[in-house]
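So you know, we letter chains A, B, ... as the sequences are listed, proteins then strands, and number each from 1.
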There are 2 protein chains.
Amino acid sequence: MSSGTPRRADALRNRRLALDAATALLAEPGTPLTVETIARRAGLGAATVVRTFGGKDALLDAAVSGLLAPVVQRARDLLAETAPGEALGLFLRELIAFQAAHHSASDQWGGLDMPATSALRGDLARLMEEMVEGAQRDGAVRTDIDPAVATSLIGRTALAIARTQPPSPQLIDAYLAVLLRGLRPPT
Amino acid sequence: MSSGTPRRADALRNRRLALDAATALLAEPGTPLTVETIARRAGLGAATVVRTFGGKDALLDAAVSGLLAPVVQRARDLLAETAPGEALGLFLRELIAFQAAHHSASDQWGGLDMPATSALRGDLARLMEEMVEGAQRDGAVRTDIDPAVATSLIGRTALAIARTQPPSPQLIDAYLAVLLRGLRPPT
DNA sequence: GATTATGTGGAAGGCGCGTTTCACTTGTCA
DNA sequence: TGACAAGTGAAACGCGCCTTCCACATAATC
């Protein structure tokens, strides 16, 4: 078999081991992130790791989307429960912290085909755009900028901030303050 | 021989051809940017292209730093001739335009060893920090943010802006306006 | 024009990495 | 417990890529 969920208990456990190993490596800068590395970390053979997922791409897709899913859910919750202007600031801080923790290996899976991850990124972009629109209605963000443009800027700036070497909370705050100040409507 | 300037006229001409081909490919998204590709573009054999520079890394180092050098010089000129606050805005627009034109292949030479390019990037960072410090003295940038921090934010944001798919001048202006507004001192 | 140092490039080498093979092991189920 | 399907992993394979070889070409020099 290639991809479907394994039928045997040990195979299912190995699937978890492989996924956990890949996930762990995503947060470790400097590690090669090869099938061999993941397999060794999981205590499995390289063939097993790849086979249970149907390929390296699918394995990393599962690992990355597994990390991203809670972030997207958090955005959904904030959007539903909090005032948009406030939600945006809150969420951005969390998003940056998340990206700072996981951007290190992002250039290693940048060129891979990861449908689940792509879908989540789309969801996230849509949710953030809703936050921006809400913030504009609330008067927390100036309205002379297109929501899609603002969202793109925010997302990219967040990533830029996250790439700062030691992203201390103070530094993140300083960056975010500049960004949000630039977005605020003229008093 | 490996790296030193060739003694024969045809070899010197081929060196130019290889450098020009590499430089041209740096602005072409989607092209593999392999030694083979560069060689075919230059009308030379792969061995020749690599040998005259001493390796692929050295060739791309020469190409990238050749593109970057004028940008650094421009920063130096602006810093010497223009009011810092104005220089910052002017230079950022040009920097973003440059990065937008050349970022496409940057993930293909991101992991390479390129000393000349690294040195120029250091120079650029230092010059930008001087601009920020000057802008702070002029009252164009708020002083409650560390110059190094502001410079890092500006540099990374500029790169983030440049990565926008079709970086139209209007989009760049909108982005820059947000960034500079966020940096302006409170009125 | 002859001689020689210099340069060329197709082919072969070597390396890293993802994937596949296949003899072997191990859960599972009657 | 016995038999079989399911799963494993070391080794082999394939592929892309940079680099090196070496027989051949050619600019420079006398």
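One can place CZ of B/Arg13 at 12 Å from P of D/dT26, the figure rounded to the nearest angstrom. Rounded to an integer number of Å, the gap from B/Leu12 CG to D/dT26 P is 19 Å. Atom CG in A/Asp10 sits about 13 Å away from atom C1' in D/dG9, given to the nearest Å. Atom CG of B/Leu112 is separated from atom C1' of D/dC17 by 12 Å (rounded to the nearest Å). Atom CG in A/Leu44 sits about 15 Å away from atom C1' in C/dT25, given to the nearest Å. Remark: C1' of C/dG18 and CD of A/Gln108 are 15 Å apart, rounded to the nearest angstrom. The CZ-P distance, from A/Arg15 to D/dA6, rounds to 17 Å in whole Å. Going from atom CG of A/Asp113 over to atom P of C/dT19 covers 12 Å, rounded to whole Å.
Residue B/Thr34 has its side chain nearest to D/dC18 when only D/dT8, C/dT20, D/dC18 are considered.
Evaluation of atom-type donor-acceptor distances gives a pair under 3.5 Å for the side chain of B/Arg51 against the base of C/dG9.
Put simply, B/Asn14 has a side-chain N or O that comes within less than 4.0 Å of OP1 or OP2 on C/dT8. Between B/Thr48 and C/dG9 there is a side-chain N or O to OP1 or OP2 distance below 4.0 Å.
When side chains are defined from C-beta on, B/Leu60 counts as touching B/Met114, because their heavy atoms get closer than 4.5 Å.
Judged by closest nucleotide on DNA chain D, B/Lys56 is the one of B/Lys56 and B/Ala9 placed further toward the 5' end. Comparing B/Arg8 and B/Ala47, the nucleotide of DNA chain C nearest to each residue sits closer to the 5' end for B/Arg8.
In this structure, A/Arg126 pairs ionically with A/Asp123, as a charged nitrogen and a carboxylate oxygen lie closer than 4.0 Å. Classification of B/Glu36 and B/Arg40 as a salt-bridged pair holds, one side-chain N sitting under 4.0 Å from a carboxylate O.
Neither B/Leu159 nor A/Ile154 shares a network with the other; the hydrophobic side chains, linked directly or stepwise wherever heavy atoms of I, L, V, M, F, W or Y lie under 4.5 Å apart, form separate groups for each. Under a hydrophobic-cluster definition in which Ile, Leu, Val, Met, Phe, Trp and Tyr are linked whenever side-chain heavy atoms come within less than 4.5 Å, directly or via other members, B/Trp109 and B/Val71 are assigned to the same cluster.
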